[in-house]
Asker: 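The structure is given below, and queries will be raised subsequently.
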Amino acid sequence: MAKTGGLGDVAGALPKALKKLNIDARVFMPFYGLVDKSKYKVKKVASAAVFIREKSEAFGIWQTELPNSSVKVYLIKHRLFNGKEIYVSGRIMKGKKYTRAKTDVERFSFFTQSALEACKALDFQPDVVHAQDWHTALAADMIKTRNLSDNFFIKTKVLYTIHNLANQGISDPQIVRYAKISPDFPVIKADAENGDINFMVQGILTSDLVNTVSPRYAVEILYHYQGAGLDNILRKRKKDLYGILNGIDTDFFNPKNDKYIKYQYGREDVFKKKNNKVALQKELGLTQDENINLVGFVSRLVWQKGSELITEDMIENLNCQFVFLGTGQKEYEDHLKRLAKKYPKKISANIFFDAALAQKIYAASDIFLVPSRFEPCGLTQMIAMRYGSVPVVRATGGLDDTVDGSVGFKFKKYSSAVLEKILAKALDVYYYDQEHWLKLQKNGMKKDFSWDKSARDYLRLYQKLVARKY
Ligand code: ADP
C-alpha cells in the first residue's frame, strides 16, 4: 500500500504470518496520499482526536485489510500525511497546497500518539504494541505516560524492532512536549550540548524488549564499527536484545504465478528465465543475447548500499550486463546514470521506484548484487534466490546470515577490486560450469524464506512479554 524499502514488505507480510498463528495482529499506518483508496477499499470507521500544542487535533480512522488476508489495517488520516511522499523533507500538503514542513519527527510522533488513541476509540486493547523503527520509538513512553491517567494500556507491553540503525529520528527537546511524554520520565539527551532527543535511543532504552532483523546484525551493532554511535546504549540492553531474521511474502514473490513477469517458471523449468532476460533486454534497450550474464541491482541509492563500488573499470573488464533500479541521494543516482550513458548497450540505469520493474529484474537476472556496507537483514537477496538469481553479496548482517557457498558468493572487504574479483569468479562458474550454476540456482530456490519460522520467533517474544510482571 505504501513502501520505499524493506519496512513496507515487513509490515505487509509479518502480520499475515502472525494471523496464521491465531494472533489478532492489526496494523496501524498513516493514511499517506499515495495509498490507493479504491484499490484497497478503504472505509472510514471512526474519528478521534489528540491534544497537541494545547489544541485538539482531530483525525480519521479508516480501515481496510491486507490483500489476500483478514488482517485489519487502520489508517490514520490527517493532513500531515496527505502528500504523496512517505517522508517529507521541508514541506507538507495543506489542502491542495504545500506548506512549511512539519518535520518527520513531528509527523511520526503525531502518528504514534494517534494510533494509541485509535486503539481506545476502537476499544482494541493490545497485549503487545510492536513498534517499528525510530518512527514509533516513543510508543513505550507514550503508553507509560497515558497509564498515569487511565488504565487502558495498563497490561500492554512494547516490543521495539530496529530495522536500520542509520536512521535515528533526532529532534530538538521540544518534541517531548509535542509528543506528550510525561516530564517525569527520563528522556535521554542524545546530544549533551544542545539536548537533542534521539527517538531510536529512547525506544531502545524504554521498550520492554528490543530486537533487530537478523541474528548477525544483532551482534554487530554491539560494536563500535556497526553501532552507528549507539553501541554503548545497545550494550545496556544486551540481555533484552534479540535478532530475528525477516522473511519475505512468498505468495507475492513467486515466479510461478508472478503477474508482472512474462514467462512464469519454477525450479524444474528455471531455464525459462532466459526468456524473461531477453524481454527485459528489449524493454531497456540492451543488447539482446540470452547467453550473456545479466547482473541485477534493486536498491535505495544511499551510502549504505554500496552502489559506488561499481566502476567503469569493472564494466570494461567483466563480460556481463548490469540493470540498476533505485532512487536516493543524487550523487549515487548520477554515478549510475553516468555509467549507463557511457555503456548504453551494457548498462541500464532506472532511477525511479517501480515495483513491476523490480519483479522483472529478479526474474531476468542471473546474478543479483547486494554490496552493502552494512545490511540489517536485506530482502532483495532472498527475493533474488526465490527467482533463481544467484546472489553476490557482502558478508555483513543479514546478507551473511542468508547467503553461503551453496547458493551464492560472498566477499568481505568493502572495495571495488574485491567486488570485481568475486564477480569474475561468479561469471566463470556461469560460463564454464553450468551444472554447478544450476545447482546454486536450485539450492537458492529451495530455501525457505517464508515468514512462518520468524513469526513463531516473534510469537515467543510476545509470549515472553505477556508473561512479564512488573
Ligand atoms: P531497505 O529496507 O534497506 O531498503 P531491503 O533489502 O530490506 O532494503 O528492502 C528493499 C525492498 O524495496 C525490496 O522489496 C526491493 O525490491 C524494494 N525496492 C527498493 N528500491 C526499489 C525501487 N526503486 N523500485 C521498486 N522496488 C524497490
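Read the numbers this way: they start at 1 and go in the same order the structure lists the ligands and their atoms. The basis for the numbers below is simple: all heavy atoms, side chains too, and nothing from hydrogens, waters or symmetry mates.
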Asker: Search all heavy atoms of F271 against all heavy atoms of E268 and return the closest pair with its distance.
Answerer: CE2-O, 4.0 Å
Asker: Can you see which heavy atom on N246 is nearest to which on M382, and at what distance?
Answerer: O-CE, 3.3 Å
Asker: Name the residues with a heavy atom less than 4.0 Å from ligand 1?
Answerer: K3, G5, G6, D9, V298, S299, R300, K305, L325, G326, F352, F353, D354, A355, A358, Y362, G378, L379, T380, I383
Asker: Charged N to carboxylate O under 4.0 angstrom, D231 versus R235?
Answerer: yes
Asker: In a check of side chain to side chain donor-acceptor pair (under 3.5 Å) between Q281 and each of Q288, Q321, E290, K345, which one passes?
Answerer: Q321
Asker: Throw together a table of side-chain donor-acceptor distances under 3.5 angstrom for residues 15-23, partners on residues two or more places apart or in other chains.
Answerer:
from	atom 1	to	atom 2	distance (Å)
K16	NZ	D249	OD2	3.2

Asker: In this structure, which one of N293, D366, D289, N291 forms a side chain to side chain donor-acceptor pair (under 3.5 Å) with K277?
Answerer: D366
